[in-house]
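What you see is a predicted model; the values in this text were computed from it and never measured. So you know, we letter chains A, B, ... as the sequences are listed, proteins then strands, and number each from 1.
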Protein chains: 2
Amino acid sequence: MAVGESSLGRLRPIPGVRLGTVAAGIRKPNRRDLVLFELAEGAHCSAVLTRNRFRAAPILLTEQHLAASCHPRYWLVNTGYANAGNGAQGLSDALSCVRRVAEQARCAVPEVLMFSTGVIGEPLPVDRIVRAIPSAFAELTDDAWEAAAHGIMTTDTRPKGTSSVISIEGRPVTLTGIAKGAGMIRPDMATMLAFLATDAVLDPVWARQALGAAVDVSFNRITVDGDTSTNDACALAVTGRSGVRIDGAGDSGRRFLAALSEVCRTLALAIVRDGEGATRLVHVAVAEAADEAEAARVAFAIAESPLVKTAVFAGDPNWGRVLAAVGRADIADMELERVRIFLNDLCVAENGARSGSYQESEAVARMSAAEIEIRVVLGRGDAATSVWTCDLSYDYITINADYRT
Amino acid sequence: MAVGESSLGRLRPIPGVRLGTVAAGIRKPNRRDLVLFELAEGAHCSAVLTRNRFRAAPILLTEQHLAASCHPRYWLVNTGYANAGNGAQGLSDALSCVRRVAEQARCAVPEVLMFSTGVIGEPLPVDRIVRAIPSAFAELTDDAWEAAAHGIMTTDTRPKGTSSVISIEGRPVTLTGIAKGAGMIRPDMATMLAFLATDAVLDPVWARQALGAAVDVSFNRITVDGDTSTNDACALAVTGRSGVRIDGAGDSGRRFLAALSEVCRTLALAIVRDGEGATRLVHVAVAEAADEAEAARVAFAIAESPLVKTAVFAGDPNWGRVLAAVGRADIADMELERVRIFLNDLCVAENGARSGSYQESEAVARMSAAEIEIRVVLGRGDAATSVWTCDLSYDYITINADYRT
């Protein structure tokens, strides 16, 4: 199940990026499961990686390679197995795959990054991946983002991708991104897997900062089940092939950052819409907080409450559960009387009680939409934030009780 | 559904405590839903109340009354409606009920405490409660703890209670307790509702400290869904009728505290066994942590992970999900290589990977029991703690999507 339409818009090629997607038989037969990205010489790259203390082998390797050079030539991505919790063998397996790419491309090993997603704690089938690498090279072509979006899926029910074109002084700059993720979603400074590219000319240091800022308002503001993955990563390739230079401190920088944030937010929302078992998308908006950290604490307390999420699944305007979640968000001097709760435009609670104008039928109408907003106004200050989540349904249990067995 | 046997052992009367349970028709007809406790003159009382910032009206009233006197004569308990999120009306409604009890008993209003549980945000049916109070008085008798255990249930599928008798210098001291709670369970310095009584002679200050300590190792170490209720309360009545004086600083104090902790733990585990939708009881034991706070953080990260809980429901020894939960417990310098994970006696992960001796069939056998232990050894220090939780099943969704509608 998933919320809303499943159409993938047109994913525009980024000059300087080629992609090859193949079926390597990693975990299931006849399924596209291995993606190779090739970045043209001179491209640079930033990545935001998971904050989980237990990082998968490919994440450790990628971090190490990025520290050696910000000009990687290849990203190798597999689905099926996460290669996390595999100890020294995991690192050696990831290195074997990366070495094979370097060998074929005649580049240095640190010029290859690797990203993996899937089951934790089972060994990577290195042989099958290594055997498929030549076909991935043979497939490399620039207009192949859609196949790649399919190739990185795990429990996702649909591919996720988006493109954006902005005009800087009359010249087009393109941004394209794809993402995967449906469960174990509570990114902390990173997401599940997301791969972005642009043909803009960007200073590498500024690109890294811009990616961090964009991730903060997108992937770091979604949650499906509160679990942060060991493999989360969001990478941005900058090819510069448009020849359009972005001035980080100027207007073009602001506009590029806005476009990058929007691309990230589109992908992040696509992940929540396809959250495991999701039937509804919930936008939790918290306003009038003392500071943004407080707003985020309240928003996540609501967005991660199983009681709120099952009420949303049932279409039940159970604002009492929202109130209880706000109350346990660990804000010492919160005053119940100032808090107001809205379902979309409808005020359902104020002055510590049900709103005087409350009508159950109106509240039920708001809750029956596929996308709903729970807005909480704290009456404490000027800060606000948004978090997106989905409901908790029978299918979440089915998917996670059956997955792996 | 619930885990294990449902038999309620013999609940021993406590001299100086009488109970009356009636069907007041509060939310459902013909269901025992109102309980009156009468404490003999001279008894004293402590209570640990919810830390949720939004506290229900009865909690606010009870706190105020306990501050005025630690010698309340009555506890009035209703199920059906929580009387939380009802603003000024909620307080006035609670006061009306309490006033009626005081009137009938000819005692002062602050000598009556009130506890409510049920749906949040809907008004208390004061008339029906007030009308039933005389019958509750008429029912008062000392050997009626079992009926009271039934009378405080909400989504519970079974009553919860236990008694303990210890011998102090050859003379018996009795402790009896009952509890309710099945969802919105993540107590923070308090539980859902638990009512305890003893005939020991205790210093009131020491009794309060002992209750806090007992709650800390029992009700504060369980979680069903991570949600802290607005109405949590655990109250202890001390009647002194056994004439046996407990020396808080001496051996009898240590033994009484151990018995009180054990009674609380028995009730806390009964709550988890009856957790909404529970099919398995999970004991999460964390050892070799740097300090107890760290141990608790890791234990709750595991116990509250929907991915771990659905794996337990499926009987799937998915230690990778346990590892990922440990990794997101926000412990900065955790070393993956030192962590070991056990299912009961079986080591399933060590050195950052699946244990060398791992056999899927052995792990599956451990996971198929009704009660399982997930033990995580951090290799960082000497501190340890235990947290108990249940699995996440289809029935949790059913119960919480249907409740209230």
Walk me through whether B:E122 and A:R354 qualify under side-chain contact (heavy atoms from CB on, under 4.5 Å). CA-CA 8 Å; B:E122 297 192 9; A:R354 190 160 64 190; 3.9 Å; yes
Side-chain heavy atoms of A:F54 within contact of B:V339, under 4.5 Å: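 Yes, close enough: below the 4.5 Å cut-off.
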Should A:I397 and B:Y396 count as side-chain neighbours, where that means a heavy-atom distance under 4.5 Å? no
The criterion is side chain to side chain donor-acceptor pair (under 3.5 Å); which residues satisfy it with A:E350, sequence neighbours excluded? A:S355
Determine the minimum heavy-atom distance between B:I120 and A:G320, stating which atoms define it.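 Distance-wise, the nearest heavy atoms are CG2-CA, 3.5 Å.
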If you look at every heavy atom in B:A353 and A:G87, which pair is closest and at what distance?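 Scanning both residues, the minimum pair turns out to be CB-N, 3.5 Å.
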Residue part contacting chain B, namely of A:D333, when any heavy atom lies under 4.5 Å: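 Interface part for A:D333: backbone (N, CA, C, O).
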Winner by heavy-atom pair count (cut-off under 4.5 Å) against chain B, out of A:G90, A:A349, A:A332: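 Winner by heavy-atom pair count: A:A332.
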